[in-house]
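Below is one structure; the comments refer to it alone.
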Protein chains: 2
Amino acid sequence: MTAHSHTDQPALTKNQSLVYDALTDAKAPLSAYAILDGLREHGIRAPLQVYRALDKLLELGLVHRLESLNSFVACSNSECGARETMVFAICVKCNKVSELADDRLEAHLGALAAADHFTVHAATVELRGICGQCRSDA
Amino acid sequence: MTAHSHTDQPALTKNQSLVYDALTDAKAPLSAYAILDGLREHGIRAPLQVYRALDKLLELGLVHRLESLNSFVACSNSECGARETMVFAICVKCNKVSELADDRLEAHLGALAAADHFTVHAATVELRGICGQCRSDA
DNA sequence: ATTGCATATGTTATGGTGTTACACAATAAA
DNA sequence: TTTATTGTGTAACACCATAACATATGCAAT
Ligand SMILES: [Zn+2]
Ligand SMILES: [Zn+2]
Ligand SMILES: [Zn+2]
Ligand SMILES: [Zn+2]
């Protein structure tokens with residue numbers, strides 16, 4: 001598996017920028033169709049225009065897909081490029097997502113899998129719970 | 001979050017048994033629609049019949065949903081009832097899934113989240129890679 | 001037995017998510 | 001200019017999941 005660096009990215013195309021900006025402006029994960037709806041006034045009319053932009057942004061490591069939500073977020077952790085496995089903490093109350101890094105998690109999961117003779121290529125780790133802000137408010 | 005025991009389950013209904021048996025017989029995760037197709041000869045005709053059975057089986061802890069595949073597997077680990085977080089190792093070559101338990105993983109993820117003032121209620125951990133059998137075959 | 005309640009079922013229609021196929025445009029080598 | 005690569009636009013389709021409504025079944029408590 002290859003870790004990607006966020007430096008020296010090629011300039012994004014128009015559609016890619018529109019989608020990326022939509023995600024960076026959002027305070028919560030967006031589905032592809034939510035992105036589509038938000039960009040209709042900017043000329044985006046079909047799902048494929050969004051999905052193609054997302055594919056590229058995912059490949060560049062600029063956005064991530066949250067499997068448990070069928071949604072996407074902009075990368076928000078500078079350590080992300082140096083790691084293979086990031087953890088997403090999803091608040092069920094306000095829908096905010098924190099992208100967390102952990103030095104030992106990858107080794108931990110790799111060792112667990114190795115005990116079953118399994119070689120890990122990629123990991124999805126998504127936590128559901130309550131964020132600090134929402135816990136304070138409660 | 002509540003851990004469930006697999007003992008003393010209520011008897012499954014007809015549809016629940018059909019769906020559960022389909023999953024236990026399968027060698028790989030099944031989508032709801034794949035289950036539906038396999039059960040048409042047994043009188044299952046609509047997606048809801050499958051989804052309702054799956055909801056109950058999920059609640060009983062007899063099956064699990066794999067978020068990254070939009071698919072379902074029968075529980076295959078006896079330690080599952082005693083834990084909140086299980087790990088699914090999905091072979092990208094043969095599609096087999098191993099359900100792994102780890103005593104320390106839950107604490108590990110909890111601590112990582114706590115550093116961000118996040119309280120974990122549930123975790124999704126899905127690994128993609130190559131199983132031992134497929135590695136031997138290669 | 002009758003009533004009442006909770007759970008399960010059957011069916012239709014609808015909505016949300018993601019891809020295939022094909023045509024065309026822009027960009028960058030060669 | 002020719003060629004190859006990448007990006008774009010559109011329509012149609014396939015897959016995943018739920019809403020709404022009607023009916024049936026099992027199991028109390030009277
Ligand atoms: Zn990231
Ligand atoms: Zn929150
Ligand atoms: Zn299990
Ligand atoms: Zn395999």
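Heavy atoms only: backbone and side chains are in, while hydrogens, waters and symmetry mates are out. All chains are named by letter (A, B, ...) in the order of the sequence lines, taking the proteins before the strands, and each is independently numbered beginning at 1.
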Whole angstrom value for the distance that separates P of D:dC16 from CG of A:L69
18 Å
Under a 3.5 Å threshold, yes or no: a donor from one side chain and an acceptor from the other, between B:R83 and B:N77?
no
Report the distance from atom CG of B:L12 to atom C1' of D:dT25, rounded to the nearest whole Å.
17 Å
Considering only heavy side-chain atoms of B:T13, the closest of C:dT9, D:dG7, D:dT10 is C:dT9
To the nearest 0.5 Å, tell me how far B:T124 OG1 sits from A:F88 CZ.
12.5 Å
Value in whole Å for how far the P atom of D:dC16 lies from CG of B:L30
11 Å
Would you check if there is a donor-acceptor pair between the side chains of B:H108 and B:D102 at a distance under 3.5 Å?
no
Under 4.0 Å, heavy atoms only, any strand: does A:R52 hit a base, just the sugar-phosphate, or nothing?
base
Cut-off 3.5 Å, no hydrogens considered: what does the side-chain donor-acceptor table look like for residues 38-45 of chain B, sequence neighbours left out?
from: B:R40; atom 1: NE; to: B:D37; atom 2: OD1; distance (Å): 3.4
from: B:R40; atom 1: NH2; to: B:D37; atom 2: OD1; distance (Å): 3.3

I'd like to know if B:E126 and B:R128 make a salt bridge, using a cut-off of under 4.0 Å between side-chain N and carboxylate O.
no
Distance in angstrom units between B:Q49 CD and D:dA17 P, rounded
17 Å
Atom NZ of B:K56 to atom P of C:dA6: distance rounded to whole Å?
14 Å
If we count only N and O atoms by modelled type, under 3.5 Å, do the side chains of A:S31 and A:N70 hold a donor and an acceptor together?
no
Do any N or O atoms of the protein come closer than 3.5 Å to N or O atoms of nucleotides 18-20 of chain C, and which pairs are they?
from: C:dG18; atom 1: OP1; to: A:R65; atom 2: NH1; distance (Å): 3.0
from: C:dG18; atom 1: OP1; to: A:R65; atom 2: NH2; distance (Å): 2.4
from: C:dG18; atom 1: OP2; to: A:Y51; atom 2: OH; distance (Å): 3.0
from: C:dG18; atom 1: O5'; to: A:Y51; atom 2: OH; distance (Å): 3.4
from: C:dG18; atom 1: N7; to: A:Y33; atom 2: OH; distance (Å): 2.7
from: C:dG18; atom 1: O6; to: A:Y33; atom 2: OH; distance (Å): 3.3

